[in-house]
**Q** 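Sending over a structure as structure tokens; questions will come in a sec.
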Amino acid sequence: WGKDQPRIKCATPERVRSLKVTSDGVFCVGGTVSGRLLLWEMASGLLLRSWEAHFRSITALCFTQDDAFLLTGGEDSHIHVWSLGDLADVTKPPSVSPEARHTWADHTLP
């Protein structure tokens with residue numbers, strides 16, 4: 001029919017509000033309306049990890065220039081920094097939630 005067709009389709013457990021792909025196209029991260037982060041391997045479409053990262057909807061995702069870290073922001077007013085190496089570590093059981101490397105919270109304007 002001359003139309004591009006998706007190679008892989010994957011269902012998400014809930015509505016994804018934000019989505020970001022690493023600059024090398026290896027990983028994709030989605031932030032959901034309930035505060036859950038989802039990490040996929042792009043080549044296979046495999047969901048590698050899913051965990052509660054924020055208390056409310058995730059509204060912002062950003063990788064550092066070298067893709068070493070993922071920054072997430074949400075309606076809970078928290079900003080978390082995650083190590084992509086830790087998130088993509090397949091030796092850790094998927095049931096173990098990753099810990100943020102750093103969190104900014106309770107911030108106010110001067």
Side-chain angles (χ1 to χ4, degrees):
W1 296 84
K3 291 186 177 182
D4 289 336
Q5 297 295 315
R7 291 184 191 173
I8 298 172
K9 290 183 182 181
C10 56
T12 58
E14 62 182 290
R15 189 167 65 95
V16 173
R17 182 168 184 181
S18 52
L19 198 65
K20 193 71 175 177
V21 177
T22 55
S23 62
D24 59 8
V26 174
F27 298 106
C28 178
V29 176
T32 70
V33 295
S34 73
R36 180 172 287 278
L37 279 173
L38 309 167
L39 175 69
W40 289 276
E41 179 186 51
M42 292 290 289
S44 66
L46 181 67
L47 180 63
L48 299 177
R49 191 171 303 279
S50 171
W51 72 100
E52 295 294 329
H54 287 266
F55 299 110
R56 297 186 60 197
S57 182
I58 296 173
T59 57
L61 298 172
C62 179
F63 285 103
T64 55
Q65 191 171 5
D66 61 359
D67 289 333
F69 296 96
L70 169 69
L71 285 82
T72 63
E75 289 182 351
D76 59 2
S77 299
H78 290 116
I79 300 169
H80 298 300
V81 180
W82 310 89
S83 164
L84 185 57
D86 290 346
L87 302 180
D89 184 356
V90 294
T91 63
K92 293 181 182 177
S95 59
V96 175
S97 294
E99 291 188 26
R101 288 285 183 101
H102 188 76
T103 298
W104 286 280
D106 301 322
H107 32 267
T108 60
L109 294 172

**Q** Calculate, to the nearest 0.5 Å, the distance between atoms OG and CD belonging to Ser34 and Glu52 respectively.
**A** 5.0 Å

**Q** With the 4.5 Å side-chain cut-off for hydrophobic clustering, are Leu39 and Val26 part of the same group?
**A** yes

**Q** Taking all non-hydrogen atoms of both residues into account, name the closest pair between Asp24 and Thr22 and its distance.
**A** OD1-OG1, 2.7 Å

**Q** Could you tell me whether the side chain of Asp86 reaches within less than 4.5 Å of the side chain of Glu99, counting heavy atoms only?
**A** no

**Q** Check the orientation of Trp82 and Trp51. Use parallel for under 30°, tilted for 30 to 60°, and perpendicular for over 60°.
**A** perpendicular

**Q** Between Phe27 and Leu47, is there shared hydrophobic-cluster membership here, with clusters defined by ILVMFWY side-chain heavy atoms closer than 4.5 Å?
**A** no

**Q** What heavy-atom pair brings Leu87 and Arg49 nearest, and what distance separates the two atoms?
**A** O-NE, 3.0 Å

**Q** Compare every heavy atom of Arg56 with every heavy atom of Asp76, then report the nearest pair and how far apart it is.
**A** N-CB, 3.9 Å

**Q** To check you understand the geometry: which heavy-atom pair defines the closest contact between Cys28 and Met42, and what is its length?
**A** CB-SD, 3.3 Å

**Q** What's the separation between atom OG in Ser50 and atom CD in Glu14, rounded to the nearest 0.5 Å?
**A** 8.0 Å

**Q** Check Thr12 against Trp40 and note the closest heavy-atom contact, atom names and distance.
**A** CG2-CZ2, 3.7 Å

**Q** State the NE2-NE2 distance between His78 and His54, to the nearest 0.5 angstrom.
**A** 9.0 Å

**Q** In Å, rounded to the nearest 0.5 Å, how long is the span from CD1 of Ile58 to OG of Ser18?
**A** 6.0 Å

**Q** Are Leu19 and Leu37 linked, directly or through other ILVMFWY residues, by side chains that come within less than 4.5 angstrom of each other?
**A** no

**Q** Indicate the ring-plane relationship of His102 and Trp104, choosing parallel, tilted or perpendicular according to the 30° and 60° boundaries.
**A** perpendicular

**Q** Under a 4.5 Å side-chain heavy-atom rule over Ile, Leu, Val, Met, Phe, Trp and Tyr, are Leu61 and Leu84 clustered together?
**A** yes

**Q** Write down the atom of Val16, the atom of Gly30, and the distance for their closest heavy-atom approach.
**A** CG1-CA, 4.1 Å

